[in-house]
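Predicted model only: the values in this text are computed from it and were never measured.
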Amino acid sequence: MKKMLSAVLALTGLLVLPAMAQTYPSKPVTMIVPFAAGGPTDIIARFVSEHMSRTLGQQIVVENVAGAGGTTGITRAAQSAPDGYTIMMGHMGTHGAAPALYPGLKYDPTALVPVGIAASTPILIVASKKFAPNTLQEFVAYAKANPDKLNQAHAGIGSVSHSTCVMLNGQLGIKPTAVPYTGTGPALNDMISGQVDFMCDQIVNLAEQIRGGAVRAYAIASPERSPALPDVPTTKEAGLPDYQVIAWNAIFAPVGTAPEITARLNDALRKALADEGARNRLLNLGAVLPTDSEQTQAFLGDFVKAEVARWNKALAAAK
Ligand code: ASP
């Protein structure tokens with residue numbers, strides 16, 4: 001009888017799953033980053049996954065799968081086997097703005113299993129040093145006077161850089177020529193060399209280049225200045241108080257991933273965020289780290305729902 005029962009359980013997979021979860025991870029885990037290497041999502045993924053690998057005793061291998069504002073990589077990750085060996089680093093674009101802009105989106109951000117928030121990232125309006133306007137006020141005047149000359153880089157429709165600049169352009173009543181990239185890492189390089197004029201992007205991509213004088217920072221779209229960039233004025237100080245926006249990056253697993261597995265991943269992420277070295281690397285680039293209560297899986301689940309609703313509204317209003 002016992003034998004028969006285990007045969008039935010094995011057939012239905014009931015025995016297999018807890019056993020798998022117990023030994024997880026027994027091989028390397030792939031973390032899909034849906035943008036090019038060197039950009040903010042990639043930087044955050046590499047910082048946290050390095051420490052998480054040590055906790056898990058298995059390597060987390062970052063795989064960059066760029067395209068369509070990050071939705072290509074997230075679709076690939078979402079459609080992977082829900083066994084904990086493929087996870088994804090999503091963000092405010094792929095898991096907040098994308099549903100409003102892709103009617104045929106092949107994943108539901110609110111259905112993916114939340115693992116945890118890795119970092120919040122204030123948004124800055126930045127420009128090439130080869131681009132004439134020196135301040136936000138000068139930029140606004142130039143943009144209004146030269147609507148056909150202005151170029152703006154972004155990381156694809158629905159990405160953070162795209163959606164946050166849709167908001168900015170809507171507020172200013174301007175329509176720059178949009179130049180899409182596979183991520184804001186490569187976009188930043190082109191902006192530095194003067195091939196594009198400006199963009200809106202996550203602080204972690206920009207802090208070092210701003211401190212080093214390679215790019216011009218017009219303003220940070222947060223209520224307070226960033227301790228990582230104390231010289232950069234807030235949008236309020238620079239004369240654009242209504243432009244307030246913050247992005248974030250977070251880890252998710254495919255629908256159906258066992259709770260024991262995502263709990264282990266959440267624990268490893270928390271340990272990474274508690275590690276002084278990992279923390280300091282993120283803080284130095286201007287990231288804002290989640291508090292204890294913001295580090296739970298439940299918090300991220302609720303947050304994603306709120307973000308999808310918020311961006312639906314914000315993008316409809318900006319059209
Ligand atoms: N920050 C980028 C965005 O605009 C993506 C990236 O991480 O490269 O969504």
Side-chain angles (χ1 to χ4, degrees), residues 33 35-48 66 69-70 89 91-93 118-131 133-136 138-139 150-156 159-169 176 178-238 240 243-249 280-289:
V33 164
F35 294 101
T41 308
D42 184 70
I43 292 170
I44 293 172
R46 285 176 202 272
F47 281 7
V48 297
M89 180 60 84
H91 74 348
M92 185 226 87
S120 290
T121 56
I123 293 293
L124 285 106
I125 310 167
V126 287
S128 177
K129 280 267 167 109
K130 304 209 165 132
F131 179 59
N134 275 307
T135 62
L136 187 63
E138 285 179 25
F139 166 75
L150 199 60
N151 291 322
Q152 175 220 319
H154 67 66
S159 63
V160 165
S161 44
H162 171 260
S163 338
T164 56
C165 252
V166 165
M167 254 176 88
L168 175 72
N169 299 338
V179 186
Y181 288 86
T182 52
T184 47
L188 181 63
N189 291 338
D190 271 12
M191 205 182 76
I192 291 171
S193 65
Q195 291 179 58
V196 280
D197 300 328
F198 82 106
M199 68 175 174
C200 309
D201 197 23
Q202 300 173 261
I203 193 165
V204 293
N205 197 31
L206 309 166
E208 275 176 353
Q209 303 287 9
I210 293 170
R211 289 194 289 250
V215 293
R216 205 187 297 289
Y218 289 142
I220 183 164
S222 316
E224 308 281 336
R225 292 188 181 203
S226 165
L229 290 171
D231 297 336
V232 175
T234 63
T235 42
K236 190 168 172 218
E237 291 170 319
L240 199 66
Y243 186 61
Q244 294 288 331
V245 63
I246 187 156
W248 46 271
N249 282 85
N280 286 341
R281 284 169 91 188
L282 286 163
L283 293 172
N284 182 45
L285 295 183
V288 177
L289 300 182

Distance from [X] atom [atom1] to [Y] atom [atom2], nearest 0.5 Å?
X      : Y      : atom1 : atom2 : answer
Leu289 : Asn280 : CG    : CG    : 9.5 Å
His91  : Ser120 : NE2   : OG    : 13.0 Å
Gln209 : Lys129 : CD    : NZ    : 10.5 Å
Glu208 : Asn284 : CD    : CG    : 6.5 Å
Phe47  : Leu285 : CZ    : CG    : 5.0 Å
Thr164 : Ile125 : OG1   : CD1   : 9.0 Å

Looking only at heavy atoms, which two atoms of [X] and [Y] are closest? And how far apart?
X      : Y      : result
Ala118 : Met89  : CB-CE, 4.0 Å
Ala219 : Leu136 : CB-CD2, 4.2 Å
Tyr243 : Cys165 : OH-N, 4.2 Å
Gln202 : Thr121 : NE2-OG1, 2.9 Å
Gly194 : Ser128 : CA-OG, 3.5 Å
Ile123 : Ala247 : CD1-CB, 3.9 Å

Is there side-chain contact between [X] and [Y], with heavy atoms separated by less than 4.5 Å?
X      : Y      : value
Asn205 : Met199 : yes
Gln244 : Pro223 : yes
Cys200 : Met167 : no
Leu229 : Ile220 : no
Asp201 : Leu188 : no
Tyr218 : Pro133 : yes
Ile203 : Ser226 : yes
Val160 : Thr184 : no

Exercise. What do the steps show when you test Leu240 against Leu168 for side-chain contact (heavy atoms from CB on, under 4.5 Å), and what is the final call?
Worked result: CA-CA 10 Å; Leu240 199 66; Leu168 175 72; 3.5 Å; yes

Exam field: side chain [X] to backbone [Y], donor-acceptor pair closer than 3.5 Å:
X      : Y      : answer
Arg225 : Pro230 : yes
Thr182 : Ala66  : no
Glu237 : Thr234 : yes

For this session: Go through the steps to decide whether Thr41 and Asn249 satisfy the test side chain to side chain donor-acceptor pair (under 3.5 Å), and finish with yes or no.
Result: CA-CA 7 Å; Thr41 308; Asn249 282 85; 3.3 Å; yes

For this session: Test ring pair (Phe, Tyr, Trp, His ring centres under 6.0 Å) on Phe131 and Phe198 and set out the steps.
Result: CA-CA 8 Å; Phe131 179 59; Phe198 82 106; 7.1 Å; no

Exercise. Does CD belonging to Glu138 count more than 12 external heavy atoms closer than 6.0 Å?
Worked result: yes

Exercise. Mind checking whether His154 and His162 have parallel, tilted or perpendicular rings, split at 30° and 60°?
Worked result: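 Correct class here is perpendicular.
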
